Amino acid sequence: MQKSVVIDHLCRIEGNGGINVAIEDGRVVKVEIDIFEGARFLEALVVGRLYYEVPPILSRICAICSAVHTVTSLMAVEDAFETEPSAQTQLLRELLVQGGNIESHALHLFCLALPDFLGYSSPFALAEDYPQEVKIGLGLKKLGNTIQETVGGRAVHPVNAVLGGFGTVPTKKRLLELKQELTKGLEEALAAVESVARLRIPDFSQSPTLYAALASSSEEYSLFGDKVIFSSGESRKVSSYREICNETVVPHSHAKHSHFKGLPFMVGALARVMLNGHKLDSETKKAREKLGLGSFTENILLNNSAQAIEIIYSIKRCIQIIDQLLKRGIKNEKPVEIRPKAGQGTAALEAPRGILYHSYSFDNAGRITKADVITPTAQNLANMEKDFRALAHNFAGESKDGLRVKIEMVARAYDPCISCSVH
Amino acid sequence: MSKPKIGIFGMTGCAGEQIVILNCEDELMDILKVLDIRSFHTAMSKNDEKCNLDIAFVEGALVQPEEEISLKEIRKRSRLLIALGTCAVWGGVAAMKNEVSRQRLKDIVYGSPGRIFKSIPAQPLHSFVKVDFSISGCPIEKEQFLQAVASLVHGDIPVLPKYAVCTECKINENTCLLLEKSELCLGPITVAGCNARCANCGIPCSGCRGPVEEANIASEVEILKEKGFTLGDINNQLRTFAGPAEAIQTHLAKR
Amino acid sequence: MYNGNCASHTDNIYQPHLARIVRRLPQIKDHRLFQLRFEDSEIRQNFSYRPGQFVELSIIGTGEAPISISSSPTRPGVIELCVRRIGRMTEALFRLPLNSLVGVRGPYGNGFPLEQMRGNNLLIVAGGLGMAPLRSLLWYALDNRSLFKEVILMFGAKVAEEMLFKYELLTLLDRTDMRCLLTVDKDEEGTWPAQVGVVTKLFDLFEVDPKITYAAVCGPPIMYKFVSKKLLEKKFSKDRILMSLERKMKCGVGKCGHCMIGYKYTCIDGPIFTYWDAINLPEMI
Amino acid sequence: MQIVKLPKQNLDKFIKSLSKFGQIYAPIKKDANTSLFSKIEDSSQIDLGYNRTLLPPKKYFLPPIDTMFKFSAEAGYEEMEHDLNEKSILLGVHSCDIHGLRILDLVFSGRYVDNYYFTGRKNTSIIGVSCIPDDMCFCRSMGTDFVENGFDLFLSDIDQSYLVRIATSLGDDMVRASQSLFKEVGKEEIEEHKKKSNEMQKHFKIDLELYNLPEILDLEYESKTWEEIGEKCLSCGSCSMVCPTCYCYDVFDELSLDGKTGERKRRWDSCLFKDYALVAGGTNFRSERSARVKNRYFHKHRGFVAQYGKPSCVGCGRCIQSCPAKINIVEVITKIRSDAYV
Ligand SMILES: Cc1cc2nc3c(=O)[nH]c(=O)nc-3n(C[C@H](O)[C@H](O)[C@H](O)COP(=O)(O)OP(=O)(O)OC[C@H]3O[C@@H](n4cnc5c(N)ncnc54)[C@H](O)[C@@H]3O)c2cc1C
Ligand code: SF4
Ligand code: SF4
Ligand code: SF4
C-alpha cells in the first residue's frame, strides 16, 4: 500500500518550500524537502562589486536575520583586509546581533511555533484566546527590534553598521533607556519561561543527531567563536568551513545540502544549548532545567525551548554589553579605515537558526571575485530530511493527516528560513 | 462596513515586507480589527487560496516562470493589487545583473548542475500584471504601510510623498554627504519616505527605495563623476536596487 | 518679536465647518450635485457668497479640495456643489451616503464683479463642468432679473446625455426674458429640442453690443482660446471677458503657494480673471 | 534707538539671565560643516560666530510638518491646542534671516491671518547678531545686510564687546533685568562699529544686480537658459527647504488605523516637485523641470516684487550651498541678465 504526504506549501515559516514523503508498505521510500523559493544568485551578483558594497547587498539574503548577515559579512571583509575594528565597535555589533536573536526567537516561538503546541493555525487566532501570551511575545519581539533600530539604524537591513565601525554611535542616553527596556523585558521573558514550561512538548522525532555550534575561548556562552564543535567531540576551525559543510547540490531543491563526514548535522539554538549550555549563567541555567534541557536530548521539538532559554541569555547579555559600553564611556568614533588588498576572508557567527558563514575573495582593488555564503537552514536541510524519515518510519501506520501535522511541527521546530537557504 | 479581505503574498525576496508587517507589534491587534487576513503563509497555516480578495499585498520580484502563474492568479482574485517593497516595485537586488545570462549565474553559484530549474531575469510585478499602488523600500517603512492600510480601510488609495530623500535629509538638517563629503549619495534621485535613514546615520543613500518619478539620472551621474566616481561604479550603485526602472535602463542604454 | 500690526487671534482660517449632505442629485456620468446644509445655524445664516466663489470641501479622513459654489446666493439655506468624480477626495465624496457630514470652509475667491456687471448685458459661455460656477451666476441674474439687460446662456455638450443640468436648463428654453442656447454636437435620434452643432456656431445666433456686455466664460482649458478669439472678433474689450480659472489649491487663502500664476494667486486674486489678466500673466491660459 | 554695550565676557551671564524670558533657541555647531538652530539646554553650546544655519528660523514658525487639526468622523475638525503663553527667544539671528521672517510675515498676514504661524511668531523674541559674509552671501545686493527692525535686541560684534541695539520694550526689559552686565556706549565704540560695518563690505565675493530685474525676467521668459538649468536640476527640493522665504506647503489627512480618526497636517512643499502643479485628471501646469526652476526665480524676483514691492530673496546663500547640481541663483540671474542684453 502506498501512502504519500505532500505538503505543497509549508506555512508559518519564512519562504517557499514544501515536503514530500512517500511510504510504501510501511517502508519510507521518499523524503524530500522541496525548496522552490526562487534563486537570486546573490553570491554571483556581488562578484565585481567593491568590498564596501557587499555587506548591504548580502544582508538582503534574509530580512529576519539581516543583522547577523550584515555583521558576518562585515567581519569577513575585515578578515580579508586584516582590519580590526575597535572594541567599542565589536561590543555594538554584538548588541546588534543579540537584538536580532531576541527578535527572531520571539517571532518564532510565540507567533509561529506556539500556535502548533496550543492547536491554533496562526498567532492571530491564538491571540483571541491567549492574548497575554501573544502580547508578551510581541513585546519581546519589539524589544529585539528596538535594539536593532538603536544600533543598526533600522530593524530590518541595518544601515548604520558599516565596515570598520558605525555611521553614528548611539548616545549614552539612548543606551540607558534601552537598558531599562531590557530590564523590563527580562522579567517578562522569565515569566514566559514558566508558560513555555507548562506546554506539553511531544517527542516524536527522536533520531540520532549530530549537533554543531560555534565555540569561543571565553568562559561565557556566546554567539561568536572561532571554531566549530560537534557533539561527537570533534572540532574544526571556522576557516575550514567547506570541510565542515561539504555542500552538495541536490536534485530536488534549490538549496544545497550539508554533511560533515558524510553525516547530516543540526545547528541552531538547540545545538548551542546542548554544546555550550554549561557556560550559561546560573539564572539562565535554571530556566534550562525548567524547560527540560538540562541533559542531552535529541528531540528536535525542544529547539523551541532552547530559543526561550536564549531569549533570556540574549537579554542578559545585552544588559551586560550596555554596562560595559557605559563603563568604558561611549565614544563618538568614526569607522576605522579599510585598506583593500587581494586576499580571502571568512567569518562565522551564530545566527538565530545556527552557524552562518560568509567567505569572500578580493582582488587588489578590493573588488570581490568570489563569494560563498552558507546559511544555517541550508546546513539543517539534510538533518531535517533525516528526522522526517525517522518520523515517517515510526508513524508509518498513522493517518495522512496525523502524519502531516507531525511533519509540519518538526519542520517548524527547526525554524527554517528558506530565503536564507536559497539566496 | 465589512472588513476588507486581504492576502499577503511573497514572490522572491528576503521576506522583508512580511517581516515589517509582523514588526508592527503595537499595531498588529488593531490591524486585525480592520482587516480580514485570508492568506499570509508566513504567519498562518489555514490560508484561503481561492476566495476573492479586496486587496492583495505582494512582495518580492519574479525570478522563475512559476511565479508569473501564481501572480496572475492573485491578480485575478483581487480587486486591488499593491506592490510591497523595492523587489516588487522595481526588481530589487535580484535584478542588479539582469544583463548576465541566468545560466552563468547558476554556474557560479551551483557549479555542477543541480535541480534543473528555470530562472528568468528578476522583474518587478508591473512587468506582468497591473499594479494599483506601490509602496517601495528595502524594506518598506512600517509607518508607510500603516498609513496605507488606514487609507485603504477608509476606501481611499493611499498617498505617499513623491519627492526625493534630499528633502527629508534637509529637513533633518544633516550635513550633505554628497556636497560636503563627496560621497556617492543617491538621495537626490531616490524617493523619500524613509526619513533619510541612512543620511541621518551619516551613511550615503544607496537608493534602496528606488527612483523618484522623473529622476534626473543624467544630472546625478554628472555630479558624481565630478566628485571622482567612475561611471562603472556609479552604474553599479544605480542598478543595485532598481535596475529595471525605466529611468535607469534609459541611462544604462546610452552608449 | 513680531511687532507688525496683523490682527490678533481672529478665527482659524483653516477651520472646516461641519455640513450635512442633504441631497445628492445624479447629473451626467461621474457628476453629481450635492446639497449641503451647515450644522451650525449661525454659520448657516451668515454664510453669504457671490457667484464665482468657491469653498474648500473636506471629506473627513480623505482630504480637502476647492469646489465652486453652484447654487445662487439668492436661494439661501443650503449650498449646492456640482462635483466631478476624478480623484481621491471626489471619489470619497461619491461614496458617502446621504446625511453624511463633510467639512466646508469659505467662501473664497473674488467671485464675479457684480457691481460692475450690473446694468449690462450678460453673456454666459460654459463648457462641461464650467457650468458649475456659471450656474450660480445664471440663477443670480435670473432671480435679480432687473439688474441686467439681456441675459444669454451658451452651453454645449457632445451629446444630450453629457449635458450637465440638462433638465433644469431645458426649462429655460421657454423663458422670454433670456436666451438659452443649448447645443449638442450630435443628435442621432433627432429628439434634441434645441441647437445642434458645435458651440462656436452659437455665436452667429445673436448680436449684442460688446460695449455694454460682460462675457463670463468657464470650461476646459482649450475652450478659453477659441471663445476669447470669437469674443475679440465680436469686439469685446479684454476686460469685459471674465473667465474662471483653475489651478491646484491646498489652502484657498493665498498661503500654500500652489495656485500661484506669475504673481497672482488664483484663490484670492481669482478665480475670476479678465482676459487681460490672463494674457498678461505667463502660464495663465 | 537705544544702544548699550555688552562686554563679551558678560555674554554668557546675559544669556543665562535670558532664560527668564523664555526657552532659548540658538545656533549650535552640529559638525565642522553644519550649524543649526537648536533648543539650548546649556549655553556653552551656543556658537554665535556661525556662518549660516542649514535650515533658517522659519522652521520654528512654519515647522516642516505641523498638525493643524485632529479629526473624527463625528466631531469633524478640532483645532490642536496651542499654548499661547509659551515664550521663546531666538538668539543669534543674522540680519538676512530677520528679513526672511519679515517676508514670511507678509505672506501669512494680510486678509487671511495664519494663526499657526503667528502664534509662535508673537511669542518669540528675536535677538539678532552681526555676521561676516562668506563667498555665498549676497545680502548686500538684496539690501538685507542690515536690519532696522524686526528684532528685540541686535548684537553687533566689535571685538571685545557687542554693541547692543534695543528695539523694543521687551528688549529693554531684557537688558534691564541684568543691567550690571551692560556698559554705556562711548564714542570709540561707535567708531569701531562703523569701521566694522565698513569692513564687512570687503568680504562680499558675489553680487546680484537687481536693477531692472523684474523687467528682465519678463523679457527673458522664453530664454534658453531656463532649459539649461532645467537639465541640471534634480527637483530634489533642497533649495526650497533651506530657503528662509520659501513658504509653500502641502496639506494632507493622516488617518489612524481605525479609518475614522486622525490628524490634518501640513508639510513643506516645493514648486520644484513634479506634482506641485499637477491637478486631478493629469493636467500639469508645470510639467517641465525648466518651467519649475523658472517659476522659483520668477516668483522670488518678479512675482513677489509685483505683489509686495520687494523680492522674496534675502541673499542668505543657502540655496547656493545646498544645491547638489550647483545651480547658483546669482549665476542664473546674471546669465539671464546677459541673455537680455546681447
Ligand atoms: C476655483 C476652483 C473651483 C473648482 N470647482 C469645481 C467644481 O465646481 N466641481 C468640480 O468637480 N471640481 C471643481 N474644481 C476642481 C476640483 O478642485 C478638483 O477636481 C479636485 O481638487 C480633485 O480632487 P481629488 O482629491 O478628487 O483629486 P486628486 O487628484 O486626488 O487631488 C488631490 C488634491 O490636489 C488638489 N487638486 C487636484 N486637482 C485640482 C484642481 N483641478 N484644482 C484645484 N486643486 C486640485 C486638491 O487639493 C486635491 O485634494 C475646482 C477647482 C478650482 C481651483
Ligand atoms: S546627504 Fe544625500 S540625501 Fe542628504 S541632502 Fe545630501 S545628497 Fe541629498
Ligand atoms: S533664494 Fe536662496 S539666497 Fe535667496 S533667500 Fe532663498 S535660499 Fe537664500
Ligand atoms: S537644490 Fe538644486 S537640484 Fe535641487 S531642486 Fe533646487 S535647484 Fe534643483
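Chain A is the first sequence line, chain B the second, and so forth, proteins listed ahead of strands; every chain is numbered from 1. All figures in this text were calculated on a predicted structure; none of them were measured in a lab.
For A/Lys334, the NZ atom sits in a packed shell: over 12 heavy atoms of surrounding residues, nucleotides or ligands are nearer than 6.0 Å. Remark: B/Arg104 CZ is loosely packed, at most 12 non-hydrogen atoms of other residues, nucleotides or ligands lying under 6.0 Å away. Heavy-atom contacts from other residues, nucleotides or ligands closer than 6.0 Å to NZ of B/Lys227 number more than 12. Heavy atoms of other residues, nucleotides or ligands lying less than 6.0 angstrom from NZ of B/Lys142 number more than 12.
Of all heavy-atom pairs between A/Ala63 and B/Gly16, the closest is CB-CA, 3.2 Å. In this structure, B/Met44 and A/Arg12 approach most closely via the heavy-atom pair N-CG, 3.6 Å. B/Lys97 approaches A/Val47 most closely through the heavy-atom pair NZ-O, 2.6 Å. Closest approach of B/Ile37 to A/Phe124, counting heavy atoms only: CD1-CE1, 4.0 Å. The two residues B/Asp233 and A/Glu53 come nearest to each other via the heavy atoms O-OE2, 4.4 Å. Across all their heavy atoms, B/Leu28 and A/Leu138 have their closest contact at CD2-CD2, 4.0 Å.
Of the inter-residue distances, the one linking B/Thr12 atom OG1 with A/His423 atom NE2 reads 13.5 Å to the nearest 0.5 angstrom. For the atom pair CG of A/Leu42 and CG of B/Leu105, the computed distance is 10.0 Å after rounding to the nearest 0.5 Å. A/Leu50 CG to B/Thr230 OG1: the interatomic distance, rounded to the nearest 0.5 Å, is 8.0 Å. A distance of 8.0 Å separates CD1 in A/Ile64 from OG1 in B/Thr42, rounded to the nearest 0.5 Å. With values rounded to the nearest 0.5 angstrom, B/Lys106 atom NZ is found 8.5 Å from A/His254 atom NE2.
Looking only at side-chain heavy atoms (C-beta outward), A/Lys141 and B/Leu22 come within less than 4.5 Å of each other. Annotation: side chain of B/Ile19 is in contact with side chain of A/Leu107 (closest heavy-atom distance under 4.5 Å). Residues B/Cys14 and A/Arg40 have side chains in contact (heavy-atom distance under 4.5 Å, counting atoms from C-beta outward). Using a 4.5 Å heavy-atom threshold, the side chains of A/Glu103 and B/Asn23 count as touching. B/Ser119 is listed as a side-chain neighbour of A/Phe41, based on a closest heavy-atom distance under 4.5 Å. By the 4.5 Å heavy-atom criterion applied to side chains, A/Cys11 and B/His41 are counted as neighbours. Using a 4.5 Å cut-off on side-chain heavy atoms (C-beta onward), A/Asn145 and B/Glu25 make contact. Here the side chains of A/Glu128 and B/Leu32 are not in contact, with every heavy-atom distance at 4.5 Å or above.
Using a 4.5 Å cut-off between heavy atoms, B/Ala122 does not touch chain A at all. Both the backbone and the side chain of B/Cys138 come within less than 4.5 Å of a heavy atom in chain A. With a 4.5 angstrom heavy-atom cutoff, B/Gln237 touches chain A via backbone and side-chain atoms both. Only the side chain of B/Val63 has a heavy atom closer than 4.5 Å to any heavy atom of chain A. Contact annotation for A/Leu45: both backbone and side-chain heavy atoms come within less than 4.5 Å of a heavy atom of chain B. Contacts between A/Val156 and chain B at a heavy-atom distance below 4.5 Å involve backbone atoms as well as side-chain atoms. Only the backbone of B/Met11 comes within contact range of chain A, with at least one heavy atom under 4.5 Å from a heavy atom of that chain.
Between chain A and the residues B/Asn200, B/Val100, B/Ile203, the most heavy-atom pairs under 4.5 angstrom are made by B/Ile203. Between chain A and the residues B/Gly232, B/Gly13, B/Cys198, B/Ala94, the largest count of heavy-atom pairs under 4.5 Å involves B/Gly13. Highest contact tally toward chain B, considering only A/Gly167, A/Ala44, A/Ala125, is held by A/Ala44 [criterion: heavy-atom pairs under 4.5 Å]. Ranked by heavy-atom pairs shorter than 4.5 Å toward chain B, the options A/Arg49, A/His157, A/Lys256, A/Glu43 are led by A/Arg49. Among A/Arg154, A/Glu408, A/Glu37, the residue making the largest number of heavy-atom pairs under 4.5 Å with chain B is A/Arg154. Among the candidates B/Val20, B/Leu62, B/Val93, the residue making the largest number of heavy-atom pairs closer than 4.5 Å to chain A is B/Val93. For chain B, the option among A/Val169, A/Asn160, A/Val162, A/Asp372 with the highest count of heavy-atom pairs below 4.5 Å is A/Asn160. Between chain B and the residues A/Ala39, A/Pro131, A/Ala127, A/Cys111, the most heavy-atom pairs under 4.5 angstrom are made by A/Ala39.
A donor-acceptor pair under 3.5 Å is absent between the side-chain atoms of A/Arg60 and the main chain of B/Gly92, judged by distance alone. With B/Gln64 contributing its side chain and A/Phe36 its backbone, the two residues share a donor-acceptor pair below 3.5 Å. Between the B/Ser45 side chain and the A/Ser121 main chain, a donor and an acceptor come within less than 3.5 Å of each other.
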Take A/His9 and B/Asn47 through the side chain to side chain contact (heavy atoms under 4.5 Å, CB included) test and state the conclusion after the steps.
CA-CA 10 Å; A/His9 198 150; B/Asn47 295 291; over 6 Å; no

